[in-house]
Amino acid sequence: MPELPDVEIFKRYVARTSLNKRVESVTVRNAKILGKVSTKALGATVKGRRFRAVRRHGKYLFINLDNSKWLTMHFGMSGSLHYFKSVDEAPEFDRLIFTFSDGYHLGYYSVRLLGRVDLVDNATQFIMSKNLGEDALDPKLTSKTFEELLSSAKGTVKSFLMDQTVIGGIGNIYSDEILFQARLHPKRKVSGLDRNTMDRIYGKMRGVLMKAIECGADSDRLPRSYLIPHRQKGDHCPRCGGPITQIKIGGRSSYICTQCQGMHE
DNA sequence: CCTATAGCCTGACGGC
DNA sequence: TGCCGTCAGGCTATAG
């Protein structure tokens with residue numbers, strides 16, 4: 001689930017539950033979810049420290065410790081966070097558990113082990129080193145900047161929206177939603193888009209992501225007019241009633257309404 | 001340099 | 001019921 005809206009909800013969750021708490025211990029149940037940092041080094045650096053601040057950039061979550069180091073979290077395809085009182089409540093797939101001095105815990109959940117937790121000196125430097133683009137909801141990403149990015153890009157609109165080195169935070173699900181609302185076929189090439197269309201994509205991008213956050217990144221709470229609640233074979237377009245069809249782009253599934261989303265505007 | 005494709009992992013689900 | 005193939009909201013390394 002973790003695209004920008006989901007990670008934003010995780011960020012608020014950490015802020016609400018775990019901020020300013022002192023870490024008593026760190027339990028690594030499966031070291032595969034660790035990046036460069038070792039279990040030992042993680043424990044040594046985090047133990048005794050407090051969670052001072054939490055930030056998000058694209059699909060990454062950053063937790064600032066009171067020794068100025070940063071925890072980085074990426075959730076892969078199946079990650080989330082859980083806060084709980086008794087360790088008996090820890091879900092089976094919580095691969096990493098922080099225990100705070102008040103006895104509560106924060107668990108990093110990752111069924112498929114595709115997510116990563118790491119430790120870095122500087123979050124901004126980390127973002128630079130990963131070559132991540134501007135966060136999709138950052139005010140610095142204006143419609144003008146967006147147009148410039150779009151104008152210098154190649155390939156399809158879908159790959160443009162999902163390219164984390166161009167814009168951070170949009171994945172397979174939300175790119176489908178944005179293109180559905182902008183009435184564009186995901187295989188539409190970015191070259192030759194007129195200014196109106198570019199602005200429409202930009203507006204839908206912001207609108208969809210903000211709405212999703214407002215709904216707690218819970219697909220059940222999204223408006224019925226959204227594609228996401230209908231994103232399955234055999235379902236119907238909430239706008240025109242036409243069939244929702246699945247197509248493959250670069251090995252991944254895209255869901256579209258062929259009646260609403262033509263190749264040409 | 002770039003775009004396109006396997007590979008990483010495990011669990012859920014549908015078809016036989 | 002049980003097995004097997006396929007698929008799942010992502011990223012990275014590697015091939016061409």
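The chains referred to below are lettered A, B, ... by the order of the sequence lines, with proteins before strands, and numbering in each begins at 1.
Here Arg22(A) does not pair with Asp102(A) in a salt bridge; the nearest charged N to carboxylate O distance is not below 4.0 Å. Ionic pairing of Glu214(A) and Lys211(A) is present here: one or more N-O contacts between side-chain nitrogen and carboxylate oxygen are shorter than 4.0 angstrom.
A sub-4.0 Å separation between OP1 or OP2 of dC11(C) and a side-chain N or O of His74(A) is present. When the side-chain nitrogen and oxygen atoms of Lys59(A) are compared with OP1 and OP2 of dC11(C), one or more of them lie within a distance under 4.0 Å. Contact between the side-chain N/O atoms of Lys32(A) and the OP1/OP2 oxygens of dC8(B) is not found at any separation under 4.0 Å.
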Could you give me the CA-CA distance, side-chain angles and deciding distance for Lys59(A) and Phe75(A), then say whether side-chain contact (heavy atoms from CB on, under 4.5 Å) is met?
CA-CA 8 Å; Lys59(A) 301 174 189 172; Phe75(A) 298 91; over 6 Å; no
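One atom, CD of Glu92(A), and another, C1' of dT10(B), lie 11 Å apart when rounded to the nearest Å. Spacing between atom NZ of Lys36(A) and atom C1' of dT12(C) amounts to 13 Å, rounded to whole angstrom units. Separating the CD1 atom of Ile127(A) from the C1' atom of dC11(C) is a distance of 17 Å, rounded to the nearest angstrom. The nearest whole Å value for the distance from the CG atom in Leu209(A) to the C1' atom in dG9(C) is 13 Å. dA8(C) atom P lies 13 Å from atom CD1 of Ile249(A), rounded to whole Å. The interatomic distance linking Asp176(A) (CG) with dG9(C) (P) rounds to 9 Å, in whole Å. Rounded to a whole Å, the CG atom of Leu4(A) is 12 Å from the P atom of dG10(C). Counting to the nearest Å, the C1' atom of dT10(B) and the CE atom of Met77(A) are 11 Å from each other.
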If you restrict it to nitrogen or oxygen atoms, what contacts under 3.5 Å exist between nucleotides 1-6 of chain B and the protein, and what is each distance?
none

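If you take atom P in dA6(B) and the same atom in dT6(C), they sit 14 Å apart, rounded to whole Å. With both ends at atom P, the span from dT12(C) to dG11(B) equals 24 Å, rounded to whole Å. For the C1' atoms, the distance linking dG9(C) with dT3(B) amounts to 23 Å, nearest Å.
Formation of a donor-acceptor pair under 3.5 Å by the Arg56(A) side chain with backbone atoms of Phe10(A) is not found in this model. Put simply, the side chain of Gln261(A) gets close to the backbone of Leu184(A): a donor and an acceptor are under 3.5 Å apart.
Atoms OG1 and NZ, from Thr145(A) and Lys140(A) in turn, are 10.5 Å apart once rounded to the nearest 0.5 Å.
Residues Met205(A) and Ile256(A) do not share a hydrophobic cluster, defined by chaining ILVMFWY side chains whose heavy atoms lie under 4.5 Å apart. Hydrophobic cluster membership is shared by Tyr13(A) and Phe100(A), with clusters built from Ile, Leu, Val, Met, Phe, Trp and Tyr side chains linked at under 4.5 angstrom. If you chain together hydrophobic residues whose side chains sit under 4.5 Å apart, Phe51(A) and Tyr83(A) fall into the same group.
Within 6.0 Å of CZ in Arg195(A) there are 12 or fewer heavy atoms belonging to other residues, nucleotides or ligands.
The ring of His57(A) has its center no closer than 6.0 angstrom to the ring center of Phe62(A).
Pairing analysis of DNA chain C (Watson-Crick: purine N1 to pyrimidine N3 plus N6-O4 or O6-N4; G-U wobble: N1-O2 and O6-N3; both under 3.5 Å) yields stems of 3 or more pairs at B:2-8 with C:10-16, B:10-16 with C:2-8.
Contact annotation for Gln246(A): backbone-only contact, meaning every heavy-atom pair under 4.0 Å involves sugar-phosphate atoms and none involves a base. Within 4.0 Å (heavy atoms only), Phe75(A) reaches no atom of the nucleic acid at all. No engagement by Lys233(A) is indicated, since no non-hydrogen atom pair under 4.0 Å with the nucleic acid exists.
Aromatic ring pairs are classed by plane angle as parallel below 30°, tilted from 30° to 60° and perpendicular above 60°; the pair Tyr60(A) and Phe126(A) is perpendicular.
Near DNA chain B, defined here as any heavy-atom distance below 4.0 Å, the residues from residues 106-122 of chain A are Val111(A), Arg112(A), Leu113(A), Leu114(A), listed numerically.
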